[in-house]
Amino acid sequence: MSDRGSRPADQPTPSANTEFQREKGTEADREVLKRRRIAAVLGAVALVLATIVTVLVADDNEQVSARSGTASPSPSDGAGDGTSAGPRAEESTEDPTSGPPYVPVPEFSSATARDVAFVGDVGQFTAWPGATEYEAMSSSGGYSISDFRKAVIRDAGAVCDAFIAGTGMNDVPDAVGLPFTDPIDQAAFIVEAVTFYCPDQIAAVTGGVYSKPVATEQDEDCPAVSTLKATATIERPDADDDPTSATYSVKVHNTSSYDVRVQLQQRWFADEKVPEMQLAPEWVPEWGFFGETSEDQFFTIAAGETFAYEGEQNGVYYWNRTEVRVAPKEFAFFGCGYRPGPDVMTEE
């Protein structure tokens with residue numbers, strides 16, 4: 001995180017947490033994300049019997065069935081305004097739900113709305129690879145959620161460029177350099193990239209099963225960060241206790257109807273420094289790492305649920321209060337702003 005280098009060398013580091021509940025890095029977190037991926041795959045199967053994507057994996061030409069195509073504007077035809085180049089549903093004389101070759105694809109009011117929905121859609125995948133911009137979805141690492149956002153949009157554009165250049169489906173992962181190791185995630189990412197950014201390439205992905213995308217207007221309902229309510233309280237030490245040690249508790253309540261991946265920041269306020277500590281400079285309350293600096297900084301908070309954390313702060317100051325916030329632009333709501341199309345069943 002950019003604040004990593006801004007903390008003065010002699011400012012104290014928070015001590016290890018005494019008690020906390022968090023989804024990231026736990027079995028609960030992995031189970032939540034696993035459930036959401038399964039739900040996404042099952043939901044795709046329910047869409048017009050699912051778009052069967054033939055992906056020849058490795059050298060044995062293993063076939064993989066992936067998520068259905070249901071998309072939005074292509075970079076070449078709608079990157080500027082987020083609108084789709086495909087015919088609008090009301091302009092078509094065919095029923096999009098009647099089967100091949102028609103398939104509904106989402107149409108957004110802007111490229112920004114499309115990008116937000118795409119990031120929230122693919123953010124539900126599991127087994128994000130480490131040591132890439134994707135790792136913010138699975139570990140702390142050196143990348144942020146904003147890095148993840150840029151990376152998946154970039155790679156989606158590269159997938160479209162590969163198809164437009166005539167690259168075969170089974171050659172796209174290597175041509176683009178997709179880092180997935182799970183073939184289902186790999187195929188699903190390719191399908192969603194085409195769905196959102198170049199629906200005119202649907203035929204290339206589905207082996208000609210679906211070839212005529214029909215634009216479907218979307219309900220752009222992605223929540224704002226204001227739906228995440230953060231509170232922090234501090235417990236002042238007793239008279240006989242160390243005045244420079246304070247326990248604190250943090251809660252972040254997700255009031256939205258979507259799960260969210262967040263990166264948190266924290267800052268501390270102090271009344272004054274301890275008189276005998278003459279070498280300590282004046283404390284400056286800067287936004288920095290949340291909790292223990294050696295811990296992961298990313299958390300998944302389920303819709304309607306509350307992330308809770310307790311810790312202890314030590315140093316050479318009389319701690320007054322602490323504040324916690326979602327780091328600017330470091331959040332992604334899963335599954336918002338995107339409906340696959342008519343009569344799509346969702347599994348939860």
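- Annotation: ring-ring contact (aromatic ring centres under 6.0 Å, His included) contacts of Phe333 (sequence neighbours excluded): Phe331.
- A heavy-atom distance below 4.5 Å is found between the side chains of Val326 and Leu264.
- To the nearest 0.5 angstrom, Glu286 atom CD is 10.0 Å from Arg267 atom CZ.
- Listed for the Glu330 side chain is a donor-acceptor partner under 3.5 Å among the backbone atoms of Ile145.
- When side chains are defined from C-beta on, Phe163 counts as touching Met169, because their heavy atoms get closer than 4.5 Å.
- Each of Phe298, Phe299, Trp268 was scored for a ring-ring contact (aromatic ring centres under 6.0 Å, His included) with Phe290, with one residue passing: Phe299.
- No side-chain heavy atom of Val262 sits under 4.5 Å from any side-chain heavy atom of Val252.
- Atom CD of Gln124 is separated from atom CG of Asp259 by 8.0 Å, given to the nearest 0.5 angstrom.
- Two residues are said to be in side-chain contact when any heavy atoms from C-beta on lie closer than 4.5 Å; Val260 and Thr227 fail this criterion.
- Among residue pairs with one or both ends in residues 144-153, none qualify as salt bridge (charged side-chain N to carboxylate O under 4.0 Å, His left out); sequence neighbours excluded.
- A donor-acceptor pair is defined here as one N or O able to donate and one able to accept, closer than 3.5 Å; such a pair exists between the side chain of Arg261 and the backbone of Met137.
- In this structure, the separation between CD1 on Ile301 and NZ on Lys251 is 13.0 Å, given to the nearest 0.5 Å.
- Glu220 pairs by the side-chain hydrogen bond (donor to acceptor under 3.5 Å, both in side chains) definition with Ser109, not counting sequence neighbours.
- Checking Ser146 against Ser144 by side-chain atom types alone, a donor-acceptor pair falls below 3.5 Å.
- Applying the disulfide (SG to SG under 2.5 Å) test to every pair with at least one member in residues 303-340, sequence neighbours left out, gives these pairs: Cys222-Cys336.
- Glu310 and Thr247 share no donor-acceptor pair across their side chains, judged by distance under 3.5 Å alone.
- Checked by atom type and distance alone, the side chain of Glu135 pairs as donor or acceptor with a backbone atom of Gly142 at under 3.5 Å.
- Two residues are said to be in side-chain contact when any heavy atoms from C-beta on lie closer than 4.5 Å; Phe307 and Asn254 fail this criterion.
- Counting only residues at least two apart or in different chains, salt bridge (charged side-chain N to carboxylate O under 4.0 Å, His left out) contacts with residues 152-166 comprise Glu133-Arg154.
- Proximity of a side-chain donor or acceptor of Gln218 to a complementary backbone N or O of Arg339 within less than 3.5 Å is detected.
- For Phe180, the ring-ring contact (aromatic ring centres under 6.0 Å, His included) partners at least two apart in sequence or on another chain are Trp128, Tyr134, Phe189.
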